[in-house]
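Taking it in order: structure first as structure tokens, then the write-up.
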Protein chains: 2
Amino acid sequence: MPRLVDHAERREQITDAARRVIGRAGLDAATFQAVAAEAGVSVRLVQYYFGNKDGLLAATHRAVVDASAARFGAGGAAPGTLPPPRDALRGVVAALLPLDAQRRADAVVLAAFHAAALTRDAAAREALLTAPRALVEVVAAQLDRARGAGTPGRGERDVETSRDAELFLATLAGLTQSVVAGHLEAEQALAVAERLLDHLFASQAGGPAPT
Amino acid sequence: MPRLVDHAERREQITDAARRVIGRAGLDAATFQAVAAEAGVSVRLVQYYFGNKDGLLAATHRAVVDASAARFGAGGAAPGTLPPPRDALRGVVAALLPLDAQRRADAVVLAAFHAAALTRDAAAREALLTAPRALVEVVAAQLDRARGAGTPGRGERDVETSRDAELFLATLAGLTQSVVAGHLEAEQALAVAERLLDHLFASQAGGPAPT
DNA sequence: AACTTGATGATATGTCCGTACCATAATGGT
DNA sequence: ACCATTATGGTACGGACATATCATCAAGTT
């Protein structure tokens with residue numbers, strides 16, 4: 001066995017470079033040569049580790065998604081304790097909004113991948129939906145808890161609560177977009193999210209306001 | 001003068017082809033050859049009318065933005081009448097959400113341009129903000145009307161109302177994203193927006209809910 | 001010490017794309 | 001009838017990029 005090297009570390013070094021390149025100049029700037037130069041290695045090496053360009057991009061995508069998931073897991077899963085629903089949702093907000101430079105950069109990269117996936121095969125588009133679907137369940141469960149419903153079975157949940165969960169996540173996606181585009185500052189986005197929580201916790205399930 | 005041709009029509013024929021190509025396969029598939037083939041003209045002709053590739057893309061972008069603005073103008077500006085605020089905001093929802101196939105396709109194209117602009121120079125990124133900034137004013141004005149505030153001057157508006165306006169637009173952006181990604185159907189997105197209107201018209205300005 | 005094998009470098013190749021250049025058909029004014 | 005100008009087609013050139021090929025270095029093993 002000659003010259004053994006930590007493959008995982010090398011791969012991470014390269015996908016990190018790819019993340020920087022994509023965040024700075026977009027997906028189509030992520031050429032083999034640009035990524036290799038950014039990582040300080042040769043083009044051949046990138047090829048060696050990821051084979052295809054698809055391989056490189058897939059690994060980079062997974063890296064940033066995993067980082068996002070790790071942040072979410074770190075913030076949300078306080079072990080043993082059961083935070084009040086509003087705090088739990090505040091945790092979701094804090095985990096998902098791009099509140100610091102690192103997450104902002106990741107959000108740009110994710111947006112690039114997202115846009116690319118829209119014009120891909122149905123399989124790629126389907127992969128975009130797994131995270132939102134899971135999150136809707138998490139959010140709806142918290143809203144159920146807050147509104148005194150127990151843990152309703154599948155399909156038994158109040159329609160308005162489901163809509164509120166979708167509303168919550170769609171708003172977070174929109175706020176992320178606003179922050180990344182530079183239309184809102186992170187604190188403003190946070191304040192808007194807090195305002196949404198005000199609305200959600202003010203009205204009970206099934207009670208629409210009079211027109 | 002030889003063989004005069006309607007330039008506007010030819011340009012529209014070509015930008016329409018570009019819109020289809022981008023909507024189907026993404027921005028980087030919008031090559032001269034692909035667009036020319038889709039439009040049924042020669043590559044040279046596309047070059048003749050738009051010179052640069054940047055010219056072609058800029059014209060295409062403007063075409064879809066203009067289409068969007070036209071839809072907004074057509075739906076929103078009922079002349080003379082002054083609809084109740086909630087109906088006015090419903091009009092904004094109906095104008096902005098991708099409720100039919102045409103608008104869905106346009107939304108995909110816009111998302112592609114949006115993602116590309118994120119990793120461009122500051123000027124391109126600034127251009128993304130003009131539409132949202134104007135819309136925030138429109139929405140906030142309706143909320144002021146609904147809440148009995150007159151037409152407050154610049155900066156005098158209630159902070160919560162401003163946040164609600166941002167909330168409204170961010171949610172619409174997020175819902176658009178959800179529909180385009182295939183996570184929500186158009187009717188579901190509409191229902192979620194309606195639910196948000198419930199929340200917005202239930203609470204008055206400055207009245208956060210108790211935690 | 002030699003050899004095997006994993007890791008890395010340099011470079012060639014074929015393809016696609018943007019753009020420039022050359023050519024020509026059509027048409028309306030003189 | 002001719003000519004200038006507009007509109008359009010064909011094609012060539014140069015560059016960038018993904019990928020493949022050849023070559024080399026390093027380090028354990030025997």
Side-chain angles (χ1 to χ4, degrees), chain A residues 1-61 109 112-113 116-117 119-121 124, chain B residues 1-62 109 112-113 116 119-121 124:
Chain A
M1 287 279 190
R3 191 147 176 229
L4 280 204
V5 150
D6 189 345
H7 272 221
E9 188 185 0
R10 269 251 178 292
R11 288 173 63 94
E12 189 184 340
Q13 171 191 1
I14 296 177
T15 54
D16 279 353
R19 283 163 74 172
R20 288 194 298 273
V21 170
I22 296 173
R24 186 195 318 137
L27 243 184
D28 24 338
T31 150
F32 268 57
Q33 339 221 355
V35 172
E38 174 80 22
V41 301
S42 80
V43 174
R44 178 66 181 83
L45 204 64
V46 182
Q47 219 185 173
Y48 179 72
Y49 278 103
F50 300 96
N52 238 350
K53 181 161 188 194
D54 274 347
L56 170 63
L57 292 183
T60 304
H61 186 213
V109 175
F113 277 110
T119 52
R120 268 290 210 292
D121 48 305
Chain B
M1 290 280 186
R3 197 162 171 210
L4 280 204
V5 151
D6 188 346
H7 272 220
E9 188 186 0
R10 268 253 178 290
R11 288 173 65 93
E12 188 184 339
Q13 170 191 2
I14 295 176
T15 53
D16 279 354
R19 283 164 74 173
R20 287 195 297 273
V21 170
I22 296 173
R24 186 194 318 137
L27 242 184
D28 25 337
T31 151
F32 268 54
Q33 339 221 356
V35 171
E38 175 80 22
V41 300
S42 79
V43 173
R44 178 66 181 82
L45 204 64
V46 181
Q47 220 185 174
Y48 178 72
Y49 277 102
F50 300 96
N52 238 350
K53 180 162 188 191
D54 275 346
L56 171 62
L57 291 184
T60 304
H61 186 211
R62 170 166 295 270
V109 175
F113 277 110
T119 52
R120 268 292 210 290
D121 48 307

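- Among pairs with a residue in residues 13-41 of chain A, none fulfils ring pair (Phe, Tyr, Trp, His ring centres under 6.0 Å), at least two apart in sequence or across chains.
- Between A:H7 and C:dG6 there is no side-chain polar atom (N or O) within less than 4.0 angstrom of OP1 or OP2.
- Contacts of B:Q13 classified as side-chain hydrogen bond (donor to acceptor under 3.5 Å, both in side chains), with partners at least two apart in sequence or in another chain: B:R10.
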Per-pair distances, 0.1 Å, donor-acceptor, side chain in residues 41-51 of chain A, under 3.5 Å, sequence neighbours excluded:
from	atom 1	to	atom 2	distance (Å)
A:S42	OG	A:R44	N	3.4
A:S42	OG	A:L45	N	3.3

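- Listed by chain and number, the residues in a salt bridge (Lys or Arg N to Asp or Glu O under 4.0 Å) with B:D28 amount to none (sequence neighbours excluded).
- Rounded to whole Å, atom P of D:dA7 lies 10 Å from atom CZ of B:R10.
- Each salt bridge (Lys or Arg N to Asp or Glu O under 4.0 Å) pair with one or both residues in residues 32-42 of chain B, not counting sequence neighbours, appears once here: B:R20-B:E38, B:R24-B:E38.
- The shortest distance between the side-chain N/O atoms of B:Y48 and the OP1/OP2 oxygens of D:dT8 is not below 4.0 Å.
- Scored by the side-chain hydrogen bond (donor to acceptor under 3.5 Å, both in side chains) test, A:Q33 finds no partners at all (sequence neighbours excluded).
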Which pairs, protein N/O on one side and nucleotides 17-21 of chain C N/O on the other, fall under 3.5 Å?
from	atom 1	to	atom 2	distance (Å)
C:dG18	OP1	B:K53	NZ	2.4
C:dG18	OP2	B:T31	OG1	2.8
C:dG18	OP2	B:F32	N	3.0
C:dT19	OP1	B:N52	OD1	2.7
C:dT19	OP2	B:K53	N	3.0
C:dA20	N7	B:Q47	OE1	3.0
C:dC21	N4	B:R44	NE	3.0

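- Rounded to a whole Å, the CG atom of B:L45 is 14 Å from the C1' atom of C:dA25.
- Following rounding to the nearest Å, B:D6 (CG) and D:dA7 (P) show an atom-to-atom distance of 11 Å.
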Quick one: the dot-bracket string of DNA chain C, using Watson-Crick and G-U wobble pairs with both distances under 3.5 Å, [ ] for crossing pairs and | for bases paired to another strand. ||||||||||||||||||||||||||||||
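- For residues 49-61 of chain A, no residue pair satisfies the salt bridge (Lys or Arg N to Asp or Glu O under 4.0 Å) rule, not counting sequence neighbours.
- Here the closest heavy-atom approach between residue B:T119 and residue A:I22 is recorded as CG2-O, 3.6 Å.
- Residue A:F50 is out of contact with every strand shown, counting any heavy-atom pair closer than 4.0 Å.
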